[in-house]
Amino acid sequence: MTLGNSRRIATTAMAASLLCLTAAAAFAQAPATPTPNKGDTAWMMTSSVLVLLMTIPGLALFYGGLARTKNMLSMLMQVFYCVCIVAIIWVLYGYSMSFTEGGAFNAYFGGFSKAFLAGVTPESVVETWTDGVVIPEYVYICFQMTFACITPALILGAVAERMKFSAIVLFIPLWVTIVYFPIAHMVWYWAGPAAMIGAGKAVAAASGDAKAAAEAALATVTSNAGLAFQWGALDFAGGTVVHINSGIAGLVAALMVGKRVGFGKEAMPPHSLTLTLVGASLLWVGWFGFNVGSALEAGATAALAMINTFVATAGAALAWLIAEKVFKGKPSLLGAASGAVAGLVAVTPAAGFAGPMGAIVLGVVAGWLCCFFCTAIKNAMGYDDALDVFGIHCIGGIIGAIGTGIVAAPALGGASWFDYTANKIADYDMIPQLITQVKAVLLTLVWSGVGTFVILIVLRVIVGLRPGTDQEREGLDLVDHGERA
Amino acid sequence: MTLGNSRRIATTAMAASLLCLTAAAAFAQAPATPTPNKGDTAWMMTSSVLVLLMTIPGLALFYGGLARTKNMLSMLMQVFYCVCIVAIIWVLYGYSMSFTEGGAFNAYFGGFSKAFLAGVTPESVVETWTDGVVIPEYVYICFQMTFACITPALILGAVAERMKFSAIVLFIPLWVTIVYFPIAHMVWYWAGPAAMIGAGKAVAAASGDAKAAAEAALATVTSNAGLAFQWGALDFAGGTVVHINSGIAGLVAALMVGKRVGFGKEAMPPHSLTLTLVGASLLWVGWFGFNVGSALEAGATAALAMINTFVATAGAALAWLIAEKVFKGKPSLLGAASGAVAGLVAVTPAAGFAGPMGAIVLGVVAGWLCCFFCTAIKNAMGYDDALDVFGIHCIGGIIGAIGTGIVAAPALGGASWFDYTANKIADYDMIPQLITQVKAVLLTLVWSGVGTFVILIVLRVIVGLRPGTDQEREGLDLVDHGERA
Amino acid sequence: MTLGNSRRIATTAMAASLLCLTAAAAFAQAPATPTPNKGDTAWMMTSSVLVLLMTIPGLALFYGGLARTKNMLSMLMQVFYCVCIVAIIWVLYGYSMSFTEGGAFNAYFGGFSKAFLAGVTPESVVETWTDGVVIPEYVYICFQMTFACITPALILGAVAERMKFSAIVLFIPLWVTIVYFPIAHMVWYWAGPAAMIGAGKAVAAASGDAKAAAEAALATVTSNAGLAFQWGALDFAGGTVVHINSGIAGLVAALMVGKRVGFGKEAMPPHSLTLTLVGASLLWVGWFGFNVGSALEAGATAALAMINTFVATAGAALAWLIAEKVFKGKPSLLGAASGAVAGLVAVTPAAGFAGPMGAIVLGVVAGWLCCFFCTAIKNAMGYDDALDVFGIHCIGGIIGAIGTGIVAAPALGGASWFDYTANKIADYDMIPQLITQVKAVLLTLVWSGVGTFVILIVLRVIVGLRPGTDQEREGLDLVDHGERA
Amino acid sequence: MKLVTAVIKPFKLEEVRSALTDLGLQGMTVTEVKGYGRQKGHTEIYRGAEYAVSFLPKVKLEVVVPSGTVDKAVEAIVRTARTGQIGDGKIFVSTIDHTVRIRTGETDDSAI
Amino acid sequence: MKLVTAVIKPFKLEEVRSALTDLGLQGMTVTEVKGYGRQKGHTEIYRGAEYAVSFLPKVKLEVVVPSGTVDKAVEAIVRTARTGQIGDGKIFVSTIDHTVRIRTGETDDSAI
Amino acid sequence: MKLVTAVIKPFKLEEVRSALTDLGLQGMTVTEVKGYGRQKGHTEIYRGAEYAVSFLPKVKLEVVVPSGTVDKAVEAIVRTARTGQIGDGKIFVSTIDHTVRIRTGETDDSAI
Ligand SMILES: Nc1ncnc2c1ncn2[C@@H]1O[C@H](COP(=O)(O)OP(=O)(O)O)[C@@H](O)[C@H]1O
Ligand SMILES: Nc1ncnc2c1ncn2[C@@H]1O[C@H](COP(=O)(O)OP(=O)(O)O)[C@@H](O)[C@H]1O
Ligand SMILES: Nc1ncnc2c1ncn2[C@@H]1O[C@H](COP(=O)(O)OP(=O)(O)O)[C@@H](O)[C@H]1O
């Protein structure tokens, strides 16, 4: 078994389940279909609701408050539309494209066997990261739906105040189809714990000729996964899929749509930092659904993800404030909010792997680097990423992805990952893991960057990306929606 | 057993429980008092909190944002007051009137045996829709309390900006007593799964003379229910009790209170669509407590209700936007928010019965019809239902109630209902079901319409319904509360 | 065993667990390490998230809306900063100082054995109030962290609009270290149910010489607790630790920082009662995490705490409105919001001990007395407790603390407390309990008052507490943070 | 040219505007102001703090008209803005020396 | 009649108003404005973007007085609005040709 | 002294201000107003209710200048505020009788 073929996940989930399994062994000899634990179901439903809260009104307000009054409603509208259209697409074919076996292209995207949720019933269950622990498939679909809904919404901040609604109406469905569903598949699709552990045990048990067959079977199982998952990339809750992905898409979109009229000449201060702070707070609150829910059950890994999501965020917010105090003289509310979001982004891939002290360090580093990026570097480069989607989500996401490779190390208080084929916690090897992390980052950057570019080129030709200058001056609220905030 | 006597509920809850029961049978021979599953308790507590969130600040902001600045605080105040007074009344006698056996008037309202929550202890439990699954009674009381709190608050949108606070102070308690508690009793009160299944089994097991006695016993059990429940109306989470009820009451109130000063002459644009959108988002978020919590446990039906609540809402919002684009040229934020609420209303009775594709269709239809109603028809009729309570809650509620009769059909991906007396999922018969649905709608329209009318006639005489014209011009914030937003 | 040595907790938790234990006895003879019930874990994670929501954006908006526009962001910032810094300190040494054995000073504060969360792993569990019921330690740390985060934030309302940020930056960490962690330890630290019940049983079983040894062992266990806990003070969710504590600190701080420039001469109306109402609503919503989560499990006591948190709040809001109507002529939105918070504060210590009717009475009394205090008495005294932290949190907290001693009486529908050493619900003796409650109140008032005074004296010398008059006129938003709301 | 400045009740603005438009006046500028006068304000109470608010929301309408049109304009405003109750507001007429239309550079009467 | 226009610091409004009322002036109109002058503004920074905000919040008070009362009114404003620090503001006096009270139709001095 | 009042498009304010500063004018007062004129407004629809909004956001800039500087000031405003499209706004010049600087009590030209 090579590193590339191993399966990784927070070890704590398994450790807990092993205890349970042992305890249960006396009663249950035959492997019955597992039924969901209602505590897990309750938590996963709560998590789904929290991620929705994080998007509407959370993200909508965070972004809207940073825009000018005349574009406030357009910002809210774009995020709200994004949630609605992606929710529908998700049940039509998005879930299937992301989380089913994709035949010849299985390394890149799934198939259409569950299009229109064919075959899914209220009793259907899906496996979690722990062997024998399942949750209702409808709940899993909802949970993952909320991830699909928020990711493209994040991009909208980069092109805020100047991309016309008709272009956005088309951009979102194209983007999730061409970029999001494949990347979600590449990073998260796998055969599941039962198959992996079973195949691994079969290899261990087999000898002689049977050995080769068992190994072939194992190889089939381990290769029934998305590309990045096969590589063994660690991404607990979506650092690559959600943040690097939307962050690079934001940069590409900002460049292609161009700068706002008056950018660099006119003042464009946020119209309501109050609402931005409300949004940032709801992002933090909702992110517990995002990160802790990604444990897929209410167990030990969830507890770990929760504390990490608290302290990394706090650390990053404080770090940003300190940087502002030192370099600009005044710690600002927007700095605190930006730092918190940077911390949340960075801890996303690490939430179930890092220890709390590692998470604090990760947060602090993310707070500092993102602050540096959103102020010094961005100004030097001169592009108009209006709400710093690239500077926070992509940079923060990359810090998180690579940082995960470091803080997951048990020597640094991390939890390592679970090697399903060996059915035990893996011995952690940092350098190869870091290389894998970098590969996953690059894969995401390239796929998403290219995909976004192609979509926007096409849309520019077909419908155009921007309103007229006068319309932009008047504001998208009136021009696109005929309303005033 | 006739259709009219059968008991209906989402089948998935039972299906899951049957599995469990079978599994448990080997261990538990004697029927012990069931204890709550903590996962169910956790979810039901979460749901109660979500429905409160949906009301304050959710509904308060949704409505307040649509009012003019000078009436903002009055709108918030009225909703907040409504929650407070109804919460108190609920534990004094509302719960008892709604959910206990009512003697001679049992078909219409309950008794006072649990007034002041007499006899309820922290250990008391109530049955859910699934035999053997119980939740703490205090939690059930809280969950249902939140429904009682939000329903009269919905009415307030119809008479926004012009009904004086002293009249509202009296209207709310009278209305819940005369209208809400009876309708909740008529639609939701029943003998519970254990009694129904037991009586059904007894009939099946009995023969000869015993048969007649058993059938009589069964008849007693099945007739120990509210009128609409006896009819066999399907209403998963309160389409009739909450939405049609408040919607028709809103129309009656709007007509009796009269038009706002300046209506039709002066512009009365919403003072903050930002806050309206925040409210709409929180309504959506909180509605998961409302709909999914109505499953009363964290099981398969809950999972179904959750996905339906996502996609129907998304579908309705998009439908309203499309209608606006086609007929007015611009898709608006208020349209998206209104569509979302219309979808939430329509899916409420269907949440545990429809399949996800049926829910999308239901949402789309509700989005279109409510849009048509709130724009074209309302304008033609000329009444001043200020915030479209009738157009969205009553019309959307009727679409949902009747649509539930359609999308519950297994042939359309629905889940049918559970026939407790036969202890199995019922064969679905659409036409009779539709007739039952219509009957329940009419019952609600008449009871609520007449009840609201009588209350307001009385109040008009005793305290008057409106402030003076000058006071109304000055705004209710200053006049009623001495404050400014 | 004397009263002072007994351990008290809501009885319902234990009653339920006794049933379970009996049922489980047939299967489990040997006392294994208990594993968390996932329903409990789900609820405790939800509760932690709710308390965060209560703080940001809840408390931040409640306070911010009451400030003037020019100080809005400073208010938000101070609360946000407070959450971040305390979260970090909590995992560094706060949790250890609060919830570990403190050696010689164990009656006053804990030790540093868990500094940096040393030894805590994702699988670590902590006991709850019920023997045999545990939750993941990381979840417990997070839950308690949110309490530590909100308490100092409450103080900030007293010195709103005039304390400079650099002073607050230092004040918060000093205050939690010197005041909060010790008081949390004094009120909440104890040996846990297993040790208590075990030692109690050993005494009961022992005879002759062994009796003395067993009693000594019991004494060791019962004295391994914070001072107020040893006394037997009842405080379900933090009436003393959170509210009296922050309330008296607020008064001391308001006096030491001094009045706002223009206080009493210039009008200082709230800049947005809309946001204040949103904040108050989120406080109510989030308080379910605070109070119900304090049951530490999703059981019967949680259910009781939930209904009490609903009705006491509603009662207090209505009481305040009635008082305003009678004495000022107009019931106000701010009155409703203030009353609701007063009710929440008062029910906090009583949530798991009172019955619902007792909770209503407690809420009504708190609503009236706090209203009287925040209007008549405060005006007479003339100090500038800007947002009435003392009038609501300290006065409301004292009413709650003493009221708990009354409404916990079974004769008044209360639940009494659980005597772990006797392993049964205690016979309730009101007078001694009231004396104990008063002692705990006084302990908190003195410790917090003196501690706060000392800290501010020191800070006044080192960094100064206030901005210049002109800066204060310009507003803290611009002066401290360089931003505008 | 003359500048006619009218301070009126906010809800009367639309009526006044259309009366002026009917006179052929195609431009005007409007400001939200607060007025103090015979019309009494109100008292606001926030917990213990009571504030007498003496300023009331008004709308200030400014329209520059050719000298010959002043009387008609004033008459139109008086007619439409009057409710007969205290607080209806005031009209002030002053002299404008010179007017320029920025877009075209036209001046004086042709610039209005 | 004369129009006295004073641009003052917002927190001085109440004092100025009561000084004018003491003179028997029963009406005035107030507007929130932004002023640019010798008094320096401030800098705001939002992430990387820095803005020099040169306009400061001021209040503009307009009171029309009989010609004879101008000096007393100006004196009262100067006295109460002065803090002695840069940014205290300006007073401008101009001529009003004609005044009408909308409610009654009274004109000129009796309309003030 | 003269009062130059200019009603301009909001986004032009900064440019106009710096042009006036370049002329040595160190003070001005700005108000957010709504303008009605040749420039068409827009229609807003809220569910069924349609509103024609004829008032557009404008900025009113008031600057008091010594009589000799009026022409340069007007010229500077016209130059910088012009976009050439309808709605660019108007400039009105009127006479100020008297000016006082509150801080110092200086009057007239030296008070500006
Ligand atoms: N002398 C004045 N100078 C400027 N504005 C005035 C003056 N007198 C009245 N106003 C304005 O006119 C408004 C109405 O005046 P008021 O005395 O209340 O009633 P009425 O118009 O019936 O005389 C005031 O609110 C104020 O804005
Ligand atoms: N020439 C002017 N025309 C119009 N308003 C002016 C003029 N000069 C100053 N102001 C107003 O007066 C305010 C105060 O002026 P400033 O130069 O800051 O201080 P001071 O009042 O001490 O001279 C400015 O903010 C502006 O609103
Ligand atoms: N007669 C007038 N009196 C006062 N303000 C006017 C007058 N005419 C125009 N305005 C102001 O000038 C603005 C621009 O005028 P408008 O007719 O739209 O375009 P233009 O400036 O190109 O002539 C208006 O919005 C209004 O604020």
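Heavy-atom basis, side chains included; hydrogens, waters and symmetry copies ignored. Chain letters run A, B, ... following the sequence lines, proteins first and then strands; every chain starts at 1.
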Which pair of heavy atoms, one from E:Thr31 and one from D:Glu32, lies closest together, and at what distance? CG2-O, 4.1 Å
Side-chain (D:Arg82) to main-chain (E:Arg103) donor-acceptor, under 3.5 angstrom: yes
Rounded to the nearest 0.5 Å, how far apart are CD of E:Glu14 and CZ of D:Phe55? 6.0 Å
Tell me, for E:Leu3 versus chain D, whether the close heavy atoms (under 4.5 Å) come from the side chain, the backbone, both or neither. neither
CD1 on E:Ile96 to CD1 on D:Ile91, rounded to 0.5 Å: 12.0 Å
Non-hydrogen atoms of chain D under 4.5 Å away: do they reach the side chain of E:Val64, the backbone, both or neither? side chain
Under 4.5 Å from a heavy atom of chain E, the part of D:Thr83 involved: neither
Least distance between heavy atoms, E:Ile102 atom then D:Ile8 atom: CD1-CG2, 3.6 Å
Chain E contact via D:Phe92 - which portion, at a heavy-atom distance below 4.5 Å: both
Per-residue contact mode, D:Val7 against chain E (heavy atom under 4.5 angstrom): both
Give, as side chain, backbone, both or neither, the part of D:Ile86 having an atom under 4.5 angstrom from any heavy atom of chain E. both
Can you tell me how far the OG atom of D:Ser94 sits from the NZ atom of E:Lys2, to the nearest 0.5 Å? 11.5 Å
What part of E:Thr21 lies closer than 4.5 angstrom to a heavy atom of chain D: side chain, backbone, both or neither? side chain
Is E:Thr95 close to chain D through its backbone or its side chain, or both, or neither, when contacts mean heavy atoms under 4.5 Å? backbone
Check D:Lys58, D:Lys60, D:Lys34 against E:Glu62 for a salt bridge (Lys or Arg N to Asp or Glu O under 4.0 Å) and give me the one that passes. D:Lys60
Part of E:Glu106 within contact of chain D (heavy atom distance under 4.5 Å): neither
Carefully, step by step, assess E:Val30 and D:Val33 under the rule side chain to side chain contact (heavy atoms under 4.5 Å, CB included). CA-CA 6 Å; E:Val30 158; D:Val33 298; over 6 Å; no
Any side-chain heavy-atom pair from E:Arg17 and D:Tyr36 closer than 4.5 angstrom? yes
